[in-house]
Amino acid sequence: CHYLPDNQKCKVFILLLCISAVCMLLNRETYSRFSQIFFEYTSPFLDSSPCACLKCLSEGNPWFMEHFNKSLQPFLTREYSASEDAFNWWKHIQSDRSSLNAHRAAVDELFQIFPNRQYNTQPSPDKCRSCAVVGNSMNLKGSHYGALIDSHDIIIRMNGGRTQGYEADVGARTTHHVMYPESAMDLGNTTHLVLFPFKTMDLRWLVSAFTTGSITVTYTTVKAKIKANKDLVMVLSPAFIKYVHEVWLDNLAHTYPSTGFMTVVLSLHMCDEVSVFGFGVDSDGNWSHYFEGLQNKHMRTGSHHGQREYQVIQQLSDLHKIHMYKGW
Ligand SMILES: *[C@@H]1O[C@H](CO)[C@@H](O)[C@H](O)[C@H]1NC(C)=O
Ligand SMILES: *[C@@H]1O[C@H](CO)[C@@H](O)[C@H](O)[C@H]1NC(C)=O
Ligand SMILES: *[C@@H]1O[C@H](CO)[C@@H](O)[C@H](O)[C@H]1NC(C)=O
């Protein structure tokens with residue numbers, strides 16, 4: 001019962017549920033009279049729920065509420081004016097040499113091409129937004145999660161994640177695809193491209209990739225042009241990346257959050273129910289992707305704090321804020 005807002009009401013709810021089951025066994029008439037009372041009693045507290053799911057993310061546990069900042073807007077809008085503070089932290093991620101003014105100019109340029117939308121990320125009492133966050137781990141192979149993944153309202157994939165040829169295990173639908181220039185791929189017409197920017201050039205690359213194709217190198221060669229629906233482009237705000245780093249990962253020095261971890265936190269802001277697939281190591285304890293051969297295995301490395309991220313994800317799972325599907 002601990003995930004329901006009011007423990008007392010919860011106990012009454014369960015009690016009534018049990019009585020209801022007993023009455024159903026007795027006879028139909030008693031049952032119908034009882035169910036009237038049942039709904040009269042319980043509907044006020046069911047109605048006060050912030051979303052239409054059985055339970056909603058944005059309520060309950062103090063640890064969660066301490067970390068979760070509901071008022072933060074995850075995506076860039078034309079009105080976003082980088083605070084000097086957020087920019088000064090963010091620019092160190094990939095040694096950005098741009099000035100704050102150049103950064104602001106790059107943000108302005110985005111909205112000459114892409115729609116300026118105010119995304120409503122707040123829950124609403126008449127909706128239950130279920131999300132599947134689909135990582136790329138080899139543990140998806142042979143999982144037969146495809147139909148389950150496709151049954152969610154929002155399906156978020158990332159980087160090289162693909163579906164063609166893997167539908168039975170990873171599903172076929174993608175509503176949102178997270179990428180950065182170095183991991184970019186073409187998308188279908190109904191998929192939102194969600195850019196995670198790590199330097200000012202990433203913002204300029206996005207404009208270039210939909211127009212002139214003039215930016216072809218960042219710290220490595222990148223796709224010059226991209227096929228995707230430009231009306232569905234969304235860009236994560238640098239201030240959101242700083243929030244994930246500071247609030248969810250306790251500000252650990254010399255790191256920034258991994259794409260997978262940021263996507264999980266982002267999903268907490270976009271959804272009322274979160275299922276996570278394709279995270280973690282494969283059966284030998286190595287990292288590898290379901291769409292690559294075993295020769296591409298590699299050990300857990302990189303500039304991210306894997307250990308801390310793992311603990312937070314574990315905690316979210318223990319508190320039933322996310323549901324982890326461990327794969328096969
Ligand atoms: C949450 O985010 C808002 C908007 O950025 C900020 O003003 C506020 O201080 C944050 N709240 C907490 C508790 O960090
Ligand atoms: C893609 O979607 C847009 C609307 O978002 C529509 O105008 C366009 O015709 C679509 N293109 C294709 C190829 O379906
Ligand atoms: C994968 O895991 C196995 C067993 O733990 C280990 O022997 C092997 O070296 C790992 N492969 C790579 C490429 O790290």
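Indexing begins at 1, ligand by ligand and atom by atom, following the structure's order.
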Asks: From atom 14 (O) of ligand 1, is the closest protein heavy-atom distance below 4.0 Å?
Replies: yes

Asks: Given the ring of Phe111, does Arg78 sit roughly above its face, with NZ or CZ under 6.0 Å from the centre of the six-membered ring and within 45° of the axis?
Replies: no

Asks: Considering only the SG atoms, does Cys51 lie under 2.5 Å from Cys128?
Replies: no

Asks: Distance alone, cut at 3.5 Å: any donor-acceptor contact between the side chains of Trp248 and Tyr243?
Replies: yes

Asks: Under 3.5 Å, is there a donor-acceptor pair linking the side chains of Thr77 and Gln118?
Replies: no

Asks: What residue and atom, counting heavy atoms only, is the protein's closest point to atom 8 (C) of ligand 1, and at what distance?
Replies: Asn69 ND2, 3.8 Å

Asks: List every atom of ligand 1 that sits less than 4.0 Å from any heavy atom of Ser71, numbering the atoms from 1 in the order shown and giving each element.
Replies: 1 (C), 2 (O), 3 (C)

Asks: Using a distance threshold of 4.0 Å (strictly less than), state whether atom 11 (N) of ligand 1 has a protein heavy-atom neighbour.
Replies: yes

Asks: Within ligand 1, which atoms have a heavy atom of Leu72 less than 4.0 Å away?
Replies: 2 (O), 4 (C), 5 (O)

Asks: Side chains of Ser99 and Asn101: donor-acceptor distance under 3.5 Å anywhere?
Replies: no

